[in-house]
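As the structure is a computational prediction, the values presented were derived from the model and not from experiment. The basis for the numbers below is simple: all heavy atoms, side chains too, and nothing from hydrogens, waters or symmetry mates. Nothing fancy with the numbering, it's 1 onward along the sequence.
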Amino acid sequence: MPKHLVFRLAVTTAGAVIGLTAVSSTAQAAAPPLSHPRIVAHFDRPAGQVAESVVVRPNGSADVGLILSRQVAHVAPGGRVEVLATMPLPADGGVNTPGTGFAAVTGIERTGDGTLYFLYSAGDENLTGLWKLRPGGKPERVAALPAASFLNGLARDDRTGNFYITDSTQGRVWQVGSHGGTAKPWAAGEDLAPTHFFGANGVKVHNGAVWVSNIDRGTILRIPLTDKGTAGPHQITASGLDSVDDFAFTGRGDQLLAALNVPSKLVLITPGKADRTVLDESDGLQNTTSVAVDGDTVYVASGALTTGGDANLLTAHLGHHD
């Protein structure tokens, strides 16, 4: 399947969706260092709840971005899904959103005070940008970004508070200050650009650098943060990753887990070693979109965007061996 069909095959369902109660289930298999995979929440895929991003709260519950339903939702420890916000449609219904033809909530982050930050792409200069949602509040846009952008991954540098945003259609990384304001181009280049659909996708700040995946090129890049905060020379650290989406570091140096969307896999990438599949469809993955690591627990979201099956959130135990 051509990768540009990943979003084109999606069927958008209009209307707000209220939370649902998940039925947890134990998945079938996993490979070390992961074990005990378990589906902890099911999202309402027919109603547009396509899981795209995940961030973990201190109590082990999670917040997620849901693409087609344009929602930010909370998954309680017991699996109940509560919608926290639904973003408004642009006047054209979202058909002019770059790349997809539908408005989409994508990357999500959380600060210590409980404020959620998330990305919304709508092909509309009044809506596209970085938004924040305070506990019990309503979404507020804190930084505008170009309507020609499809904003995808969001990462926050805990040292400076700066946000880094991947732009999948324009092939760049934007930087926004800790309190919002003007978005500034931070990194660009051929290795961030798409080849036919989407380029820069997932993003993390780790070990003195901003790391970015490129879904079209199947690569993960390391872009050093210089002393001045500018982007250093880009380095390709991993390649050959079919439709790589989001990724997360395991806490062991530069070892990471990468979500491969079309193959529905989670792959362990350890520097100097062969890549290894640690979760796949037999564990419940369907169009794997995002991954987060919280201590010894791994959270994996599946969007089921093209499979049309189960959009879910899965957890697995991260062991101390690789």
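Aromatic ring orientation, F118 versus W131: parallel (interplanar angle below 30°, classes split at 30° and 60°).
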Would you check, one step at a time, whether the test side chain to side chain donor-acceptor pair (under 3.5 Å) holds for E52 with T289? CA-CA 5 Å; E52 163 62 15; T289 54; 4.6 Å; no
Kindly indicate, with the supporting measurements, whether the criterion side chain to side chain donor-acceptor pair (under 3.5 Å) is fulfilled by S243 and D245. CA-CA 6 Å; S243 61; D245 204 317; over 6 Å; no
CA sep, side-chain torsions, deciding dist, call: Q286, S264, side chain to side chain donor-acceptor pair (under 3.5 Å): CA-CA 5 Å; Q286 295 197 35; S264 300; over 6 Å; no
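Judged purely by atom type and a 3.5 angstrom limit, H206 uses its side chain to pair as donor or acceptor with the backbone of G253. Counting only distance, with no hydrogens or angles, the side chain of T169 and the backbone of F150 share a donor-acceptor pair below 3.5 Å. With D216 contributing its side chain and F198 its backbone, the two residues share a donor-acceptor pair below 3.5 Å. When atom types are taken as modelled, the side chain of N287 and the backbone of T306 share a donor-acceptor pair closer than 3.5 angstrom. In this structure, the side chain of T226 does not engage the main chain of G232 through any donor-acceptor pair within 3.5 Å. Side-chain N or O atoms of T288 include one that pairs as donor or acceptor with a backbone N or O of K265 at under 3.5 Å. Using a distance-only test at 3.5 Å, with no hydrogens or angles considered, a donor-acceptor pair links the side chain of S213 to the main chain of G202. The main-chain N or O of A85 is never found under 3.5 Å from a side-chain atom of R70 such that the two would form a donor-acceptor pair. Remark: side-chain polar atoms of T128 are not paired, donor with acceptor, to backbone N or O of A147 under 3.5 angstrom. Proximity of a side-chain donor or acceptor of N214 to a complementary backbone N or O of A193 within less than 3.5 Å is detected.
Counting only heavy atoms from C-beta outward, the side chains of F247 and V267 never approach each other to under 4.5 Å.
Screening N312, L314, T315 for a side-chain contact (heavy atoms from CB on, under 4.5 Å) with V40, the sole residue that qualifies is T315. Partner of K204 under the salt bridge (charged side-chain N to carboxylate O under 4.0 Å, His left out) criterion, chosen from D246, D158, D157: D246.
The aromatic ring centres of Y164 and W186 sit less than 6.0 Å apart.
Rounding to the nearest 0.5 Å gives a distance of 12.0 Å between CG of D310 and CD of E281.
The 12-atom threshold is exceeded at CD of E140, counting heavy atoms of other residues, nucleotides or ligands nearer than 6.0 Å.
Between V50 and G303, the shortest heavy-atom contact is CG1-O, 3.4 Å.
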